[in-house]
Protein chains: 2
Amino acid sequence: MKDNNDMPGHLARRFQQIAVAVFLAEVEDAGFDLTPVQYAALATIKANPGLDQVTLAGLIAYDRTTITGVIDRLVQKGLIERRPSSRDRRARELEITDEGRRTLRKITPAVESAQRIMLRGLSAKEGEELMRLLRKAIAAGNELSRAPLRDAQV
Amino acid sequence: MKDNNDMPGHLARRFQQIAVAVFLAEVEDAGFDLTPVQYAALATIKANPGLDQVTLAGLIAYDRTTITGVIDRLVQKGLIERRPSSRDRRARELEITDEGRRTLRKITPAVESAQRIMLRGLSAKEGEELMRLLRKAIAAGNELSRAPLRDAQV
DNA sequence: TGATATTGATCAGTATGCTGACTATCAGTA
DNA sequence: TACTGATAGTCAGCATACTGATCAATATCA
């Protein structure tokens, strides 16, 4: 019988669990209330003004049904705006607000600190290697989840 | 601005997302309906007959409030039994059923196949190195989540 | 012993994430 | 143009995960 510690799936779940806990703790210490998912969405909307929800989902590999709720909460917090697209009446264009921009700027140190903390058991070289291997495994498995990563159409 | 791909937290989430999708697909192909979490709980109950829920949670690093629902569903499926402990009337003892044992035996090839698939982009050596680095990072961050890994009391 | 603290389990509430279904709209084509 | 298929977004339902609270039972110690 294989031990849990020999199962990449188990290790993935555990590392992700710690990563989320660290992120939330750092962000809360900085005085904000934003989840990892909300942060990624907000940063991506800022970098791609006016994008629609499906494009956003593709850029950060979320399921389109998950995005709906995330967007709802970001709008609720006043960090982004959602308005109908003029080109496609099915689509919604997403735009960051001034407050969203402010939040993003002030929260960045906490986010970067969280990334360091979740790798604190590794040397700099090991951290780089872990990220490289994760990127490689993810690239090979990209199409295996319902929410694959997609490039922006531009 | 850091890219998502430079964020270990983002990579962790993405790898876990793929790992779960692969697990569910392989298990469903084998004709079963069991989540990664349910599998880990079932295997751990089999290996530690009569353990209580808190001990189970510690062994696989789940939150104790999450365990309740997982156990409910395993009982519902007839794979385990939950009964009051004789030593401590607050606690419940968990025991695998014959059907649980049968399911575990028949599902194992699918689970092992899933572990291979989620590492398919990596060489054997790289897969080992990824697991080593994950274990190391997890060990250093164990106490940072609400559900740290705990040894069994025995 | 009796007061206090701790522990095992559960619950309510919130936030991902998924499947599958549905509506509205758009795009391509016969 | 009318039909067909695809697409954007939403929703219901289910399963993790977490926070914080509660209840019952156990442990601890003055």
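Heavy atoms only: backbone and side chains are in, while hydrogens, waters and symmetry mates are out. Every value quoted in this text rests on a predicted model; they were computed, and no experiment measured them. To find a chain, count down the sequence lines: A is the first, B the second, and so on, and within it residues start at 1.
Considering only heavy atoms from C-beta on, B:Ile18 comes within 4.5 Å of B:Val22 through its side chain. For the pair A:Leu134 and B:Leu130, the minimum side-chain heavy-atom distance is below 4.5 Å. Side-chain contact between A:Ser86 and A:Glu93: present, with at least one pair of heavy atoms (C-beta onward) separated by less than 4.5 Å.
Separating the CG atom of A:Leu24 from the P atom of C:dA15 is a distance of 12 Å, rounded to the nearest angstrom. To the nearest angstrom, C1' of C:dT16 lies 15 Å from CZ of B:Arg14. Rounded to whole Å, atom P of C:dC18 lies 16 Å from atom CZ of B:Phe23. The CG-C1' distance, from A:Asp52 to D:dA6, rounds to 15 Å in whole Å. Atom CD1 of A:Ile67 is separated from atom P of C:dT16 by 10 Å (rounded to the nearest Å). Rounded to whole angstrom, the span from the CZ atom of B:Arg150 across to the P atom of C:dT7 amounts to 11 Å. Protein atom CD1 of B:Ile60 is 10 Å distant from nucleotide atom P of D:dA17, rounded to whole Å. Residue A:Ile18 contributes atom CD1, which lies 13 Å from atom P of D:dA17 at whole-angstrom precision.
Checked against C:dT16, C:dT10, D:dA8, the side chain of A:Val54 finds its nearest nucleotide in D:dA8. The side chain of A:Gln17 approaches D:dC18 more closely than any other nucleotide in the set C:dG8, C:dA15, D:dC18. With distances taken from any side-chain atom of A:Gln16 to the nucleotides C:dT16, D:dT10, C:dG17, the minimum falls on C:dG17.
Residues from residues 71-89 of chain A that place a heavy atom under 4.0 Å from any atom of DNA chain C, listed by number: A:Arg73, A:Asp88, A:Arg89.
The nucleotide C:dA30 finds its pairing partner in D:dT1, both defining distances of the Watson-Crick or G-U wobble pair being shorter than 3.5 Å.
There is no side-chain donor-acceptor pair under 3.5 Å between B:Arg13 and B:Gln16. Judged by distance alone, the side chains of B:Arg14 and A:Asn142 do bring a donor and an acceptor atom under 3.5 Å apart.
Both B:Pro36 and B:Arg64 lie near DNA chain D, and the one whose nearest nucleotide falls closer to the 5' end is B:Pro36. In this structure, A:Thr65 and A:Arg90 both approach DNA chain C, and ranking their closest nucleotides by distance from the 5' end singles out A:Thr65. Residues B:Glu93 and B:Glu28 each lie close to DNA chain C; by heavy-atom proximity, the contact nearer the 5' end of the strand is made by B:Glu93.
Not one side-chain nitrogen or oxygen of B:Thr68 sits closer than 4.0 Å to the OP1 or OP2 atom of C:dA9.
Enclosure of atom CD in B:Glu143 by more than 12 non-hydrogen atoms of other residues, nucleotides or ligands within 6.0 angstrom is indicated.
Residue-level contact check: B:Val20 touches neither bases nor backbone, having no heavy atom under 4.0 Å from any strand. B:Asp63 comes within contact range of at least one nucleobase, with a heavy-atom separation under 4.0 Å. Using a 4.0 Å heavy-atom criterion, one finds that B:Arg92 contacts the sugar-phosphate atoms exclusively. Heavy atoms of B:Thr35 sit under 4.0 angstrom from primed sugar atoms or phosphate atoms, though from no base atom.
Under 4.0 Å is where a charged nitrogen must lie from a carboxylate oxygen, and between A:Lys136 and B:Glu129 no such pair does.
With sequence neighbours excluded, no residue forms a salt bridge (Lys or Arg N to Asp or Glu O under 4.0 Å) with B:Asp29.
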